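All values below come from the heavy atoms of this structure, side chains included, with hydrogens, waters and symmetry mates left out. Letters A, B, ... are given to chains in the order of the sequence lines, protein chains preceding strands, and every chain is numbered from 1. Just so it is clear, the structure is predicted and the values come from calculations on it, not from any experiment.
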4 protein chains.
Amino acid sequence: MEPTVPVDPGFELRVRASFGQQAVMGLLDAHLTDIRPGRVELEMPYRADLTQQDGFIHAGILATLGDSAGGYAAFTLFPPDTRVLTTEFKVNLLAPGKGDRFKAVGTVLRHGRTLTVSTFEVFALHGAESTLCVHGTQTTLCLAPRT
Amino acid sequence: MEPTVPVDPGFELRVRASFGQQAVMGLLDAHLTDIRPGRVELEMPYRADLTQQDGFIHAGILATLGDSAGGYAAFTLFPPDTRVLTTEFKVNLLAPGKGDRFKAVGTVLRHGRTLTVSTFEVFALHGAESTLCVHGTQTTLCLAPRT
Amino acid sequence: MEPTVPVDPGFELRVRASFGQQAVMGLLDAHLTDIRPGRVELEMPYRADLTQQDGFIHAGILATLGDSAGGYAAFTLFPPDTRVLTTEFKVNLLAPGKGDRFKAVGTVLRHGRTLTVSTFEVFALHGAESTLCVHGTQTTLCLAPRT
Amino acid sequence: MEPTVPVDPGFELRVRASFGQQAVMGLLDAHLTDIRPGRVELEMPYRADLTQQDGFIHAGILATLGDSAGGYAAFTLFPPDTRVLTTEFKVNLLAPGKGDRFKAVGTVLRHGRTLTVSTFEVFALHGAESTLCVHGTQTTLCLAPRT
């Protein structure tokens with residue numbers, strides 16, 4: 001990972017404000033648990049209404065959490081008054097989504113003016129145990145504000 | 001796409017039964033709209049509680065719909081008494097998730113005994129208009145039933 | 001696929017000139033076999049010195065051919081005096097790379113001012129038979145000329 | 001990364017033997033520089049005949065090196081008398097392929113009986129400097145020997 005000094009000292013408030021507007025994070029009971037330059041953590045609880053046919057959290061829901069973590073990791077490094085948009089992501093599903101809670105960690109791998117590449121990992125937490133469920137890579141686009 | 005003759009003539013019921021157990025599809029108000037050998041369609045309505053910070057459906061939610069469509073497309077070709085598990089998928093996000101409804105079409109590209117590769121597309125529907133929002137590729141694993 | 005009217009009527013010459021500068025295409029004996037707006041075809045012969053341990057063409061070499069096909073498909077739609085750069089691609093390997101020749105077809109899925117998304121397919125040709133070996137998705141960036 | 005104790009104590013010889021049969025590695029002047037359980041390093045020199053139109057090493061060639069590194073990282077953990085086959089990989093291209101030499105590091109993320117997921121990184125080396133050019137994720141399949 002590159003040294004990551006945010007150009008916007010107010011990055012944390014900016015991330016919290018944007019996250020608060022992601023209605024789907026409310027639906028998932030997800031919340032921000034750590035915000036650092038180039039790195040963001042989210043957590044959500046297990047919920048039976050988020051599962052696939054075997055009772056595990058649906059891979060797409062874990063990817064949703066991971067995509068937000070990676071996108072906000074990128075967003076910490078963006079200038080003020082910009083927006084973040086995911087252009088692509090890929091996930092490898094390493095273990096079933098079973099646990100009490102799920103933690104997603106997004107980390108910037110390379111930050112550029114236009115494009116930023118992040119990785120994200122989603123862990124299933126069960127008591128003190130942590131299992132890596134999802135590994136993702138993601139590209140986000142830095143957009144000027146809509147006028 | 002390959003010729004796709006399902007080994008299980010009861011593939012449609014099998015897909016419907018498994019889909020009915022994906023609790024998250026209920027949360028998204030998603031339903032099956034077409035089931036053919038190697039091809040499955042799903043639809044879901046726009047809902048404000050599924051959006052990201054700009055008011056569009058979150059990319060992860062569109063990926064969830066696409067992942068289920070591609071996975072069930074594969075599942076139509078699986079033998080009876082097997083299970084389907086996604087091992088990886090990648091999405092390119094081509095247009096914002098804005099529309100009245102969203103349609104996901106999963107199509108098998110290559111079916112093998114162990115691994116099946118599908119593509120999926122998610123379209124935003126607005127009246128008679130249809131916009132391709134997401135293109136995905138996916139690998140699923142055919143698993144013997146749990147004993 | 002979108003309607004694809006190139007802004008540069010000289011797109012074919014531009015693609016041929018750039019392709020002629022891809023030294024690695026010479027190393028692979030690859031050549032352009034079709035150039036249309038938003039769609040480019042390349043072919044290369046089988047060569048024993050391009051194989052992996054089982055005697056099939058190495059997946060990375062097939063990906064190299066596909067990446068060039070998809071990138072030049074995008075480049076047909078770019079304005080004059082721009083450059084094309086791949087930012088990411090993903091390949092699913094559907095069949096071993098065995099055949100007499102290999103054909104890559106790149107097709108633009110969505111063309112934007114900054115980013116273009118293409119798909120590419122690589123086929124193994126053996127006499128009159130054609131087998132899909134590789135399916136890829138790719139993002140390219142349109143860059144202003146270096147000054 | 002998981003604890004990685006190879007089931008085959010002869011894993012290093014097995015990797016070297018298979019690598020020696022990858023003819024394309026000879027074409028690229030690539031060689032093995034480190035082999036450990038779950039982790040393999042390869043290096044190759046810059047060569048003008050491996051470049052794309054801007055004089056950088058073609059992304060597909062860097063992916064070829066990375067795919068071999070990740071595949072052999074997986075292969076260190078496979079049982080004797082098996083084969084390794086890549087089923088999919090994705091690369092994000094983070095910096096142009098310019099340098100004197102290129103080093104690929106493949107690392108197993110999760111090893112399973114059938115499928116193994118690895119990541120790989122390719123670095124451009126220029127004197128004492130090292131720049132991350134490519135980040136990749138990859139799935140490989142463990143196959144029984146052909147009979």
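For chain B, the option among A/R47, A/Q52, A/Q138 with the highest count of heavy-atom pairs below 4.5 Å is A/Q52. Of the listed residues B/T137, B/I57, B/T64, the one with more heavy-atom pairs under 4.5 angstrom with chain A than any other is B/T64. The greatest number of non-hydrogen atom pairs below 4.5 Å with chain A, out of B/T87, B/T139, B/N92, is found for B/T87. Ranked by heavy-atom pairs under 4.5 Å with chain A, the list B/K90, B/Q21, B/E88, B/Q22 is led by B/Q22. When each of A/V134, A/T86, A/D49, A/I61 is scored by its heavy-atom pairs under 4.5 Å with chain B, the top score falls to A/D49. For the set B/L85, B/V91, B/L27, the count of heavy-atom pairs under 4.5 angstrom toward chain A peaks at B/V91.
The aromatic rings of A/F89 and A/F120 stand perpendicular to each other, their planes meeting at an angle above 60°, with 30° marking the opposite boundary.
Judged by distance alone, with hydrogens and angles left aside, the side-chain atoms of A/T116 form no donor-acceptor pair with the main-chain N or O of A/T140 at under 3.5 Å. Remark: side-chain polar atoms of B/D8 are paired, donor with acceptor, to backbone N or O of B/G10 under 3.5 angstrom.
Here the OH atom belonging to B/Y72 is positioned 14.5 Å from the CG atom belonging to B/L77, to the nearest 0.5 angstrom.
Contacts between B/F75 and chain A at a heavy-atom distance below 4.5 Å are absent for every atom of the residue. Heavy-atom distances place both the backbone and the side chain of B/V84 under 4.5 Å from chain A. Heavy atoms of B/A17 lying under 4.5 Å from chain A are absent altogether.
Under the 4.0 Å criterion applied to side-chain N and carboxylate O atoms, B/E41 and B/R39 are assigned as salt-bridge partners. At a threshold of 4.0 Å, the pair B/E43-B/K103 does not count as salt-bridged, since none of the basic side-chain nitrogens sits closer than that to a carboxylate oxygen.
A donor-acceptor contact under 3.5 angstrom links the side chains of A/S68 and B/H58, judged on distance only.
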